[in-house]
Amino acid sequence: MKRRNFNLMALASAAGSLASLSTWAQAWPARAIRMIIPSTPGGGTDFTGRQLATKLSEMNGWQVVPDNRPGAGTALGLAEVARAKPDGYELVIAQSDNVSLIPLLMKVTYDPIKDLTPIALAAVTPLIILVKDDSPFKTLGDLIKAAKAEPGKLSYGTSGTGGGVHIAMELLQLTAGCTMQHVPYKGSTPALADLMGGHLSFAGSSISSAATLIHSGKLRALAVTSAKRNATLPDVPTVAEFGYKDFNAVSFYGVMGPAGIPAPVVARLNTDVNKILARPDMKAAFQAQGFDAAPVSPEEFAALIKADIQKSREIITTARIKVE
């Protein structure tokens with residue numbers, strides 16, 4: 001009898017907690033929501049954060065305020081949100097570098113799995129392999145053939161050691177069985193400038209950083225690193241099309257918050273972000289950046305993050321990548 005009474009009391013307590021949580025969630029948000037963008041204005045992270053903040057505000061009448069908080073290679077913004085109160089008023093635009101790479105290569109104050117809540121995946125985007133307009137390499141096959149013939153001779157530029165582009169290029173070498181010389185830069189702009197100046201054999205880049213130079217004919221795209229072709233550059237083949245089956249290296253952008261955000265708030269934000277991503281104008285805006293809108297559930301986003309971290313760890317370990 002005592003056990004039965006205890007069970008009834010436990011059920012009543014749980015029901016009361018759920019009712020209280022539901023009431024709280026219905027009243028949320030009662031004030032402005034801060035959308036931290038862990039980068040300087042411009043670029044894919046800033047674009048994603050400002051688009052989502054604007055559309056969430058317009059759709060719901062909320063006040064979602066974008067706040068650029070650059071620093072520590074985009075890790076500063078995630079660290080700030082990781083220690084915030086889990087009430088749904090502090091969100092951050094997370095991306096591959098600060099979730100899957102930086103915590104494996106540098107000392108940070110957050111654990112991307114334990115300290116943050118995946119809320120909504122916004123977009124995925126491939127990287128692109130580029131050569132100068134007059135390069136003798138007409139295809140990715142030509143480039144890899146030359147790299148195998150003279151190991152370590154070909155040089156390639158990236159936006160920095162340990163970044164998404166560098167990891168993708170290391171994966172290409174591991175997959176193709178060749179060795180190339182990495183030349184890291186402080187950003188894509190100087191890397192692409194040196195490529196056009198003839199100082200590099202090729203370079204890796206995001207599509208958004210290189211699109212104008214490709215369309216102007218100053219650079220030529222050899223391949224994209226996604227499993228399928230990108231709608232922004234439909235004539236550019238994938239790495240997989242050159243015989244490297246299942247090659248897939250993409251970057252992601254999404255919304256995360258502190259660990260412990262109430263489930264109803266996560267569900268509401270996920271539903272609303274997915275509605276925004278389904279709009280034709282948002283699909284077109286993302287496509288112009290080389291992004292593919294990618295609406296999924298919070299659970300699917302969490303699984304993607306875990307898989308990406310594991311894959312990144314394997315590449316970093318195998319390639320012996322270190323950030324000095």
I321 CD1 to L105 CG distance, which is reported to the nearest 0.5 Å: 7.0 Å
Any idea which heavy atoms bring S57 and V64 closest together, and the distance? OG-N, 3.0 Å
For the backbone of Y110 and the side chain of D115, can you confirm whether one donor and one acceptor N or O come within less than 3.5 Å of each other? no
Is there a path of hydrophobic side-chain contacts, each under 4.5 Å between heavy atoms, that joins V99 and F291? no
Here the gap from D67 atom CG to L91 atom CG, rounded to the nearest 0.5 Å, amounts to 12.0 Å
Check whether any side-chain N or O of K153 sits under 3.5 Å from a backbone N or O of A146 as a donor-acceptor pair, and report yes or no. no
Mind checking whether Q51 and Q289 have side chains closer than 4.5 Å, heavy atoms only? no
Test I128 against T225 for side chain to side chain contact (heavy atoms under 4.5 Å, CB included), laying out the working first. CA-CA 6 Å; I128 192 161; T225 61; over 6 Å; no
Distance-only, no hydrogens or angles: does the Q173 side chain make a donor-acceptor pair with backbone N or O of M180 under 3.5 Å? yes
Would a distance-only check, ignoring hydrogens and angles, find a side-chain to backbone donor-acceptor pair under 3.5 Å from Y89 to A30? yes
Evaluate the side-chain proximity of L172 to F247: yes if any heavy-atom separation is below 4.5 Å, no if none is. yes
How about D111 and P103: do any of their side-chain heavy atoms sit closer than 4.5 Å? no
CG of L171 to CG of L127: how many Å apart, nearest 0.5 Å? 10.5 Å
Just checking E58: does its CD atom have more than 12 heavy atoms from other residues, nucleotides or ligands closer to it than 6.0 angstrom? yes
Non-hydrogen atoms of L76 and P70 that approach each other most closely: CD2-O, 3.3 Å
Using the benzene-type ring in the case of Trp, are the ring centres of F137 and F202 under 6.0 Å apart? no
Output for pair (E170 CD, I315 CD1), nearest 0.5 Å, gives 9.0 Å
Once rounded to the nearest 0.5 Å, what's the spacing between atom CG of D97 and atom OG of S312? 9.0 Å
Considering only heavy atoms from C-beta outward, does the side chain of N98 approach that of V92 to under 4.5 Å? no
Do the rings of F252 and F301 sit parallel, tilted or perpendicular, given the 30° and 60° boundaries? perpendicular
Can you see which heavy atom on P126 is nearest to which on G290, and at what distance? CD-O, 3.8 Å
What residue among T45, D46, I36 forms side chain to side chain contact (heavy atoms under 4.5 Å, CB included) with N68? D46
In this structure, CG of L192 is separated from NZ of K132 (nearest 0.5 Å) by 13.5 Å
Please tell me if the side chains of I129 and L143 come closer than 4.5 Å, counting only heavy atoms from C-beta onward. yes
Could you walk me through whether E241 and R229 pass the side chain to side chain contact (heavy atoms under 4.5 Å, CB included) check? CA-CA 10 Å; E241 288 179 57; R229 294 194 182 197; 2.8 Å; yes
Evaluate K218 against D133 for side chain to side chain contact (heavy atoms under 4.5 Å, CB included), listing each step before the verdict. CA-CA 5 Å; K218 294 178 180 178; D133 58 344; 5.7 Å; no
Do you know which two heavy atoms are closest between S205 and L130, and how far apart they sit? CB-CD1, 3.8 Å
Could you please spell out the steps behind the side chain to side chain contact (heavy atoms under 4.5 Å, CB included) verdict for I37 and T48? CA-CA 9 Å; I37 301 170; T48 302; over 6 Å; no
Tell me whether T317 contacts the main-chain N or O of E314 through its side chain, where contact means a donor paired with an acceptor under 3.5 Å. no
Check whether I167 and V323 end up in the same hydrophobic cluster, where Ile, Leu, Val, Met, Phe, Trp and Tyr are linked by side-chain heavy atoms less than 4.5 Å apart. yes
Hey, are K228 and D292 close enough for a salt bridge, meaning a charged N less than 4.0 Å from a carboxylate O? no
Indicate, with yes or no, if L213 and V224 share a hydrophobic cluster defined by side-chain heavy-atom contacts under 4.5 Å among Ile, Leu, Val, Met, Phe, Trp and Tyr. yes
Taking the side chain as every heavy atom from C-beta outward, state whether V81 and M256 have any pair of such atoms under 4.5 Å apart. no
Any side-chain heavy-atom pair of H182 and Y156 under 4.5 Å: yes
Note: A75 and V108 closest approach over all heavy atoms is CB-CG1, 4.2 Å
Checking D142 side chain against T139 main chain: does a donor-acceptor pair fall under 3.5 Å? yes
Between S206 and V165, what is the shortest heavy-atom contact and its length? N-CG2, 4.5 Å
With the side chain counted from C-beta on, respond yes when P86 and T117 share a heavy-atom pair under 4.5 Å apart, and no when they do not. no
Transitively linked via ILVMFWY side-chain contacts under 4.5 Å: M59 with M35? yes
